[in-house]
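A short write-up of the structure that comes next.
Just so you know, ligand 1 is whichever comes first in the structure, and atom 1 is the first atom listed for that ligand. Keep in mind the model is a prediction, meaning the values are calculated, not measured.
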Amino acid sequence: MAISTETHPQQQKVSTQAAGDKKRWTIDDFDVGKPLGRGKFGHVYIAREKRSNHIVALKVLSKTQLKQSQVEHQLRREVEIQSHLRHPNILRLYGYFYDQNRVYLILEYAAKGELYKDLQRCKYFSERRAATYVSALARALIYCHGKHVIHRDIKPENLLIGARGELKIADFGWSVHTFSRRRTMCGTLDYLPPEMVESKEHDASVDIWSLGILCYEFLYGLPPFEAEEHSDTYRRITQVDLNFPSKPVVSALAKDLISQMLVKDASKRLPLHKLLQHPWIVQNADPSGVYSG
Ligand code: AMP
């Protein structure tokens, strides 16, 4: 399992200050640049930390909106989780600060932006690209599960791409507690496993299911249980109504892997370390873990 122990000297500076120094971050520590995007609770900007010159993404959240949605408590907990994770395929959270009206999250900058935009552009990915992403995600999830952290919300919208083409899991752990759950409730059920749509107990194997959904979507361009009505998606998930269209053409090995992940009985899903040994991954995934086109 690849756990990065390397820290860029500038990253070290950013994170050291966040972790321990007496001095607290303020907005004056940053030169704030152009907006990178907009989320439910505020904007994300590119920014430069003045002392180190390190480029980061600054997520600016409105306290009023956080309060109105009653997610402040969860925000605190999730910041706590994400700031302790160190893995090349997990977006770093270096620290946070706040003023009277806003909360600021200092995040690793993912230069190539959102994965789902690439997927929309390409419609679907090659087997090489899909397998490289799936194996990178499996390694990141093995790392998380080892720390008793379950993501529960693996989907293209929560994946960003770094400067070298490396995949980064973002929005860590929000699914059950906060924003994404709301999104899930009002939006798509597509990535949830049977035990979660049926509100049963669940464990880390929910992430194996979601990774199976994602693998399917990478290869076919759509999640497997998509339907017009929520109730149909619900039924298709609980019955594991899985079909493989004839177009685009996808190898039998890829379908075999997906079928071993999308298993209703959570205890029978292919464990992630075995996924890494599956012939489709071995034959297709770039060993560097980076898809560079
Ligand atoms: P979010 O509030 O997390 O949904 O972020 C809103 C948008 O900002 C995303 O859809 C991305 O386009 C962009 N964004 C968020 N975080 C980053 C980041 N760390 N690096 C680059 N772009 C980001």
Proximal ligand 1 atoms for Lys59, defined as those under 4.0 Å from one of its heavy atoms:
1 (P), 2 (O), 3 (O)
Output every pair passing ring pair (Phe, Tyr, Trp, His ring centres under 6.0 Å) with a member in residues 274-293, not counting sequence neighbours, ordered by first then second residue.
none
Is it the case that over 12 heavy atoms from other parts of the model lie below 6.0 angstrom from the NZ atom of Lys147?
no
Are Lys168 and ligand 1 in contact, using a heavy-atom cut-off of under 4.0 Å?
no
Backbone, side chain, both or neither: what part of Ala57 comes under 4.0 angstrom of ligand 1, heavy atoms only?
side chain
Under the criterion side-chain contact (heavy atoms from CB on, under 4.5 Å), I'd like the reasoning laid out for Arg92 against Arg86: C-alpha separation, chi angles, the key distance, then a yes or no.
CA-CA 7 Å; Arg92 278 290 304 276; Arg86 304 266 190 286; 3.5 Å; yes
Numbered atoms of ligand 1 (with element) below 4.0 Å of Leu160, judged on heavy atoms:
16 (N), 17 (C), 18 (C), 19 (N)
I'd like to know if the side chain of Tyr143 pairs up with that of Arg139 as donor and acceptor (distance under 3.5 Å, no hydrogens or angles considered).
no
Is the number of heavy atoms from other residues, nucleotides or ligands under 6.0 Å of Lys264 NZ greater than 12?
yes
Candidates Glu114, Lys117, Glu157; heavy atom nearest atom 12 (O) of ligand 1 found on Glu114
Show which atoms of ligand 1 fall inside a sub-4.0 Å distance from at least one heavy-atom site of Gly37.
6 (C), 7 (C), 8 (O)
Side chain, backbone, both or neither: which part of Leu36 comes within less than 4.0 Å of ligand 1 when only heavy atoms are counted?
both
Check residues 209-224 and write down every donor-acceptor pair under 3.5 Å in which the side-chain atom is one partner and the other belongs to a residue at least two apart or another chain.
residue : atom : partner : partner atom : Å
Trp209  : NE1  : Leu192  : O            : 3.4
Ser210  : OG   : Tyr191  : O            : 3.2
Ser210  : OG   : Val206  : O            : 3.2
Tyr216  : OH   : Asn243  : O            : 2.7
Glu217  : OE1  : Tyr191  : OH           : 2.2
Glu217  : OE2  : Tyr191  : OH           : 3.3

Between the side chain of Arg269 and the main-chain N/O of Val263, is any donor-acceptor distance below 3.5 Å?
yes
What part of Glu108, side chain, backbone, both or neither, has a heavy atom within less than 4.0 angstrom of ligand 1?
backbone
Should the proximity of Leu91 to ligand 1, defined as any heavy atom under 4.0 Å, be assigned to the side chain, the backbone, both, or neither?
side chain
By number and element, which atoms of ligand 1 are closer than 4.0 Å to a non-hydrogen atom of Arg38?
6 (C), 7 (C)
